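Comments concern the structure below.
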2 protein chains.
Amino acid sequence: MQNMQPDLARLVAETGGRPRTATQHVEAALREAILSGQLAGGTALRQEDLARAFGVSRMPVREALRQLEAQALVDFAPHKGAIVAEISAADAADTYAIRLALEPACLERSVPHLDARALDTAADLIGEMDSDPDPGRLGELNRRFHMTLYSAAGRPRLLALTETTLAGFDRYLRFHLAAHGRAHMSQDDHRAMLEAARRRDADAATRVLRHHLQTAAATLAAFFAARG
Amino acid sequence: MQNMQPDLARLVAETGGRPRTATQHVEAALREAILSGQLAGGTALRQEDLARAFGVSRMPVREALRQLEAQALVDFAPHKGAIVAEISAADAADTYAIRLALEPACLERSVPHLDARALDTAADLIGEMDSDPDPGRLGELNRRFHMTLYSAAGRPRLLALTETTLAGFDRYLRFHLAAHGRAHMSQDDHRAMLEAARRRDADAATRVLRHHLQTAAATLAAFFAARG
DNA sequence: CAATTGATGATTGGATCCAATTATGACAGG
DNA sequence: CCTGTCATAATTGGATCCAATCATCAATTG
């Protein structure tokens, strides 16, 4: 394995690393379907149906559903089955409270150690968010932008928690954008955070981030209040 | 079910709710074994052995291990199996970083809404921590004390995240106490937090909490540095 | 007629079996 | 003597089957 051909290395990279196990495949597909809204909140997830749809047995489906429950994307009840977690004003507020607790901590620890490569990646992601016409990709780009800014925090578990929270937030971002358009992506905040990070000004960056999250939370809460 | 007898209600409460499923039983038992140190970090968890030990098949064991992986108590590798997550200085710092992010947010939101019952429960728990001779129970009491103070935060997912993080912290608390004795429980901090909560002074309470966590993190880091 | 009970069908939890992957160790070659 | 290779055993991932639980609805009874 020491002299892996470039071709082979690229092939492996393209296939997403290594041949995934059936459970991982089902989990990833279901997560994507839930976050994209293809599976609406409240949908009952019958193990048999999913197994047929994926061409596997019920077992990998069961394990995938358990994993998704741990990510708060499905609600599980013994002997009753799984349903897609509902989105609600209360859950949105909960998600923002978690983000507001975790992300400033990530950013504060990361800013002093960010290298030029990460900063450039973040800048590219801002550009992609401006130019990508697919609103469905904005969630992924937004998540990658934030995680790039946090990537040098050096706290793997803290970052993992933040990433799953951000992933679960995708549904609300789509909601938000569908109602208000991409103007509410707050690209100004993103640019301000990046500039503060370039200046190694962690305090300014976290101030912008807090404001960014609080404003978004308030906007989303008002949206829910208006049309429940 | 509308006119349930008080006797029946008490009986149900005593039996701990409902008969748990095998997966839940195995998960709870393994978690307790890991947190108490009976299963040391790095221990390989063979599904077959565990299944025999619990008198069940490998399947509930598999699901329990997946659940524990989501709680960062075991490390899982496809086709390789599960091992008990190692404790380390880096992981301790990670855990404290998460606590320091989540818990002040919980406390700040909870203090304004705490009722007398919760405050009395918290006071009782401080007393129990002073008098209980079993050091193994201090982790549980400490966790319950903190969660009681956060219980009125009204953010179920934030609280759930905090509780699992606190649970995972039990191993480090035992470590800590074994080395330094119960003097380092920082009961003074606990009392100060409770008093601030009684005064509805959320700022003071969170200040004490932050100091409490930062001091404990520093002490534990020094301990790890001294004897690896 | 409402409410409870009992039977039936649908669905999940658990056990057992088979396949795929990884670890172990013997052995040939340099 | 060390290294790499190949065969074998141990272990996990997945499929299939059975048991337990829950939902649905008709029937009975007050």
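Being a predicted model, the structure only gives us computed values, none of them experimental. Residue numbers start from 1 in every chain, and the chains themselves are labelled A, B, ... in the order their sequence lines are given, proteins ahead of strands. The figures that follow rest on heavy atoms only: side chains count, while hydrogens, waters and symmetry mates do not.
- In this structure, A:T23 does not reach the D:dG13 phosphate: none of its side-chain N or O atoms is under 4.0 Å from OP1 or OP2.
- Distance CD1/B:I126 to CG/B:N142: 10.5 Å, rounded to 0.5 Å.
- Residue B:K80 has a polar side-chain atom (N or O) positioned under 4.0 Å from OP1 or OP2 of C:dA23.
- The CZ atom of B:R155 lies 13.5 Å from the CG atom of B:L161; values are rounded to the nearest 0.5 Å.
- Listed by chain and number, the residues in a side-chain hydrogen bond (donor to acceptor under 3.5 Å, both in side chains) with B:T95 are A:R157 (sequence neighbours excluded).
- For the pair A:R62 and B:A82, nearest-nucleotide mapping onto DNA chain D gives the more 5' position to B:A82.
- When the C1' atoms of four end pairs are superposed on the next four at each end of the helix from C:dC1-D:dG30 to C:dG30-D:dC1, using five pairs per end, the two resulting axes differ in direction by 20°, to 10°.
- Taking atom CD on A:Q24 and atom P on D:dG13, their separation rounds to 9 Å, with Å as the unit.
- Applying the side-chain contact (heavy atoms from CB on, under 4.5 Å) criterion to A:Q214, with sequence neighbours excluded, gives A:L100.
- One finds the SG atom of B:C106 at 10.5 Å from the CZ atom of B:R99 (value rounded to the nearest 0.5 Å).
- Separating the CG atom in B:L125 from the NE2 atom in B:H190 is a distance of 10.5 Å, to the nearest 0.5 Å.
- The list of side chain to side chain donor-acceptor pair (under 3.5 Å) pairs with a residue in residues 25-34 of chain B, not counting sequence neighbours, reads B:E27-B:R31, B:E27-B:Q71, B:R31-B:Q71.
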Pull out every protein N or O sitting under 3.5 Å from an N or O of nucleotides 5-7 of chain C, one pair per line with the distance.
none

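- In the region residues 63-76 of chain A, proximity to DNA chain D at under 4.0 angstrom, judged on heavy atoms, holds for none of the residues.
- A:Q47 is linked by a side-chain hydrogen bond (donor to acceptor under 3.5 Å, both in side chains) to A:R58, counting only residues two or more places apart in sequence or in another chain.
- Considering only residues two or more places apart in sequence or on other chains, B:Y96 meets the ring pair (Phe, Tyr, Trp, His ring centres under 6.0 Å) condition with B:F169.
- Rounded to whole angstrom, the span from the NE2 atom of B:H25 across to the P atom of C:dG14 amounts to 11 Å.
- The side-chain contact (heavy atoms from CB on, under 4.5 Å) check on B:D132 picks up B:D134, B:R137, B:L141, with sequence neighbours excluded.
- Taking B:R52 as the reference, B:E48, B:D49 meet the side-chain contact (heavy atoms from CB on, under 4.5 Å) condition, with sequence neighbours excluded.
- Taking the salt bridge (Lys or Arg N to Asp or Glu O under 4.0 Å) definition, one finds that B:R46 meets it with nothing, sequence neighbours left out.
- Atom NE2 in A:H79 sits about 6 Å away from atom C1' in C:dT12, given to the nearest Å.
- If you take CG on A:L159 and CZ on A:R109, they are separated by 10.5 Å, rounding to the nearest 0.5 Å.
- Among the nucleotides D:dG13, C:dA23, C:dT12, the one closest to any side-chain atom of A:Q47 is C:dT12.
- The stretch residues 48-61 of chain B touches DNA chain C through B:V56, B:S57, B:M59, B:P60, each having a heavy atom under 4.0 angstrom from the strand.
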